[in-house]
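Report on the structure given below.
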Amino acid sequence: MAVTENRSHLASPSTPATNQRIRIINTKTAHDDLLVIRVLPQSNKVVTVVGDKRRCAEKFYDEDLGLNINLHNITTFDLSDKVHSDTFDKDDGSISYINSEDITLQNMMRTGFRKPFIVRAESGKPPGLRVPDSNFTVKDVERLVSSTRKIDVMDVSTQLSLQMTMHQWAKYFDSDKRDTLLNVISLEISQTPLCKLISPPDFVRELDWVETAWPPSLKVAQTFGNNSLTKMKYPKVQKYCLMSVRGSYTDFHVDFGGTSVWYHIVAGAKVFWLIPPTEENLSKFVKWTLAGKQDDIFFGDLVDKCYRVNLYVGDTFFLPGGWIHAVYTPRKSLVFGGKFLHSYNIIGQLQVTAIEDVTKVEARYLYPYFVQMVWFVVEKYRRHLKHIEVHGKGNTVLLEQEVEGLNVLISRLEESKTFQSAIPIQIRNPKLLLQELKDLLLHAEIDTICGDFSEPIISRERNTLLDSARKLHNIRLISTDRPFKMSPVVSSDSDVSEDEDVLLLPIIEEKEEEEKSTITELVEVIVSDKFTNPSSSRKETPLNEDNNVTVEISNKELWQAFCKHGTEMIIIKAGRRLFPVLKFKVSGLDPNSKYVFLVDIVPADDCWYRFCNCEWIVAGEGDHIPPKRMYVHPESPNTGAHWMKEILSFHKLKIAHNVSDAGSNMIVNSMHRYQPRVHIVQCDDIYKIPWCAFRTMVFTETEFFAVTAYQSEKITQLKIEHNPFAKGFRAGTATQAAEERYNSKNINVTIVLDSYGTAPFLAAGGAIHTSGDHIQHTQHNTTKSNLLTHMQMVEQFQGS
DNA sequence: TCTCACACCTTTGAAGTGG
DNA sequence: CCACTTCAAAGGTGTGAGA
């Protein structure tokens, strides 16, 4: 995927590769400074190597030394000139250097974030920005994103991308001998352990459409760290790690979708050439790109104003969408950054997508789900403007550039086939939506002043309910394996059908007028698309009219105790139960309606792990995903009253790693990480499951590693301590038990709590059993025969 | 990393008992 | 017939040796 510096998508495919052999080229300087290569065209013999003319000693090596490299299309202009020429040292206020405390959301709203600015290291980090310190190395990156993660690497000489593993890259990066210049500028690291160390500046999060307009429920469904489009649930462009060796250069380009960029230098240095996105400049840029003369012409020379900025360790750089830029790496560098779309430069963003159309950029180099995103944005504006109509504006402001942008966007959505070809299924009536928004904008009061406490019309604020509920209850919603109907441009039909286990497609039920005030909004109504009953013509039955269903994990503390050390679950061929057991407290169901409860266990990511030095580390790419099964609670279907009466326990659920297992066990791979999910289906017959409304919940503390033997001693100890079946392994238990048995002869009667901790009965055993989290719940009314029936049903369900 | 026999334990449910 | 007890079988544990 093309990012910050990537112009590979704009490189003309028609440009012939010269494949010249050149002489090298080694500049060793005390300052670790510039290495610039110059190839004379039409020559396969003479190569000029230009170092930093002021500080580098030039050295020439003969090709006989074995240092030859094949380079294609190296620039014929002298990049060193461009790095040092005064031509680009303009100071007309277009680029500003500002203090970190001046970076506020309101300032960005006022200015629309149209000009680049830099926060120097001395000024501190912009509010909210979190990045690793300068000791952080590429090895650390490798450790945290996985050695086997395949990454796109740009060959600097061709500006085209190739793939290698993170391990290969780290080795390349740290080695002294390189025969090609490679550059990593498109490693997106969300959903990897590295992600936790990175936070974009506050204002970015407040503006970013992914945060403000993309359905959060779809975003949280993303579990994979890689950027595979088939698994992507949201535009995964928020956190990038860029690693460049000295001499890397990315030619002039515009970031996809007209995204704006934040960019923090953790190590090394960067040189940017920046060109404002005026009509004239963009037009020249398109011509330059289509002409395929990138190697001969430095685009900065073609325009009136091209600014150069030098960035050093600790600097943070902000580049607005649409700016044409090139990047050079004078020192080996490590950079973290991210991209975002926002509401105050909609026209600029659309302009860039038009350029991408003209220059025929490949789909994989575009902003993912751009079309879907703008539909969600429009819907969000409609909803909030309507809300404002009724409830008043509060602190929110609707600014002129915003309205102007939205009106242009509406026209595009009305007219453009591209924009109409990929409308998310959540947008029920696109025409009506656009009409409504037009009317709302027509009558909306436009603000001219943006005060210090003003807030955007659409903001993250409106989602904090979801965030806080998620934190509080540790619930997150898993909706689907595919967020919406994909644009044919992005994904083919076969792409959809290859995911056999895609059962659910979400329909987000949002009440028009109100924001919901309970955590039930975490739970969406999900309707199976694949299994939609043709006769029912996609009528989604709400799970509950008042949408008030809540599910809590009842043995949360125990799960958390395990989770803290990385829960492990033993798997054997015949199937082993989970401990702790999945137990839930359900409320808010309609007491008289019937429900089915199901559990499935899905991979938490696509990695396999190793337990090394008391911690789980990513060891490679995950094995193939075994066939997905659903475990139906044996008491299903049953009334809401029944489910709410007491704790709902899935203690009979077993996991196994025997793929040929014909039983009802859930199949998992050893040394992989899994996440159980609970589904509530409102239906009175198990056969009707595919056509009924779902709700799906995930409790993150129930995540576990599947193992064939325990890895962590702490986990073993916790299991022994809490699982009654493992009582025999508790310290001193054997002798204690013997003593107690002996003593019991004198006591005669001991009390044992039954499985529900109620109605004690007399037992012949010796020990006194106490109630607690670890008590195994039995089935009140479940006999072997009806369990069997259910299992047969599950089989049928799986087979259907 | 995985498998298996094992000791030690809980759970289950049929049979027994008494009112 | 019901409530309760008894008890053996079934089955859920982690261990540790061996593959």
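One finds no side-chain N or O of A/H657 lying less than 4.0 angstrom from the OP1 or OP2 phosphate oxygen of B/dC2.
One atom, NE2 of A/H722, and another, P of C/dG14, lie 13 Å apart when rounded to the nearest Å. Rounded to a whole Å, the CG atom of A/N723 is 10 Å from the C1' atom of C/dG14. Protein atom NZ of A/K652 is 10 Å distant from nucleotide atom P of C/dG11, rounded to whole Å. As rounded to whole Å, 14 Å separates atom P of B/dC2 from atom OH of A/Y710. For the pair A/I571 CD1 and C/dT13 P, the computed distance is 15 Å after rounding to whole Å. Taking atom NE2 of residue A/H651 and atom P of nucleotide B/dT10, one finds them 16 Å apart after rounding to whole Å. One interatomic measurement links the two molecules: CE of A/M569 to C1' of C/dG12, which rounds to 14 Å at whole-angstrom precision. The distance between atom CD1 of A/I570 and atom C1' of C/dG14, rounded to the nearest whole Å, is 8 Å.
Closest to the side chain of A/F729, out of B/dT1, C/dT15, B/dT11, is C/dT15. Closest to the side chain of A/K654, from the set C/dG14, C/dG12, B/dT1, is C/dG12. In the set B/dT3, C/dT15, B/dT11, B/dT11 carries the atom at the smallest distance from any side-chain atom of A/F725. When the nucleotides B/dT3, B/dT1, C/dG14 are ranked by their closest atom to the side chain of A/R610, B/dT1 comes out on top. Counting only heavy atoms from C-beta on, A/T708 has its side chain closest to B/dC2 among B/dC9, B/dC2, C/dG14. The side chain of A/K727 lies closest to B/dC9 when the candidates are B/dC9, C/dG14, C/dG12. Distances were taken from every side-chain heavy atom of A/R577 (C-beta onward) to each of B/dT11, C/dG14, C/dG12; the shortest belongs to C/dG12.
A/S712 pairs by the side chain to side chain donor-acceptor pair (under 3.5 Å) definition with nothing, not counting sequence neighbours.
Side-chain polar atoms of A/S161 and A/D152 form no donor-acceptor pair below 3.5 angstrom. In summary, the side chains of A/S649 and A/H651 do present a donor paired with an acceptor at a separation below 3.5 Å, with no hydrogens or angles considered.
The base of C/dG14 sits with one of its N or O atoms less than 3.5 Å from a complementary donor or acceptor on the side chain of A/R576.
Residue contacts for A/Q711: at a heavy-atom cut-off of 4.0 Å it reaches the sugar-phosphate backbone alone, with no base atom in range.
Taking the six-membered ring where the residue is Trp, the centroids of A/H633 and A/F650 are separated by under 6.0 Å.
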Please test A/R730 against A/E721 for salt bridge (charged side-chain N to carboxylate O under 4.0 Å, His left out), starting from the C-alpha separation and ending with a verdict.
CA-CA 7 Å; A/R730 289 180 201 164; A/E721 256 171 60; over 6 Å; no
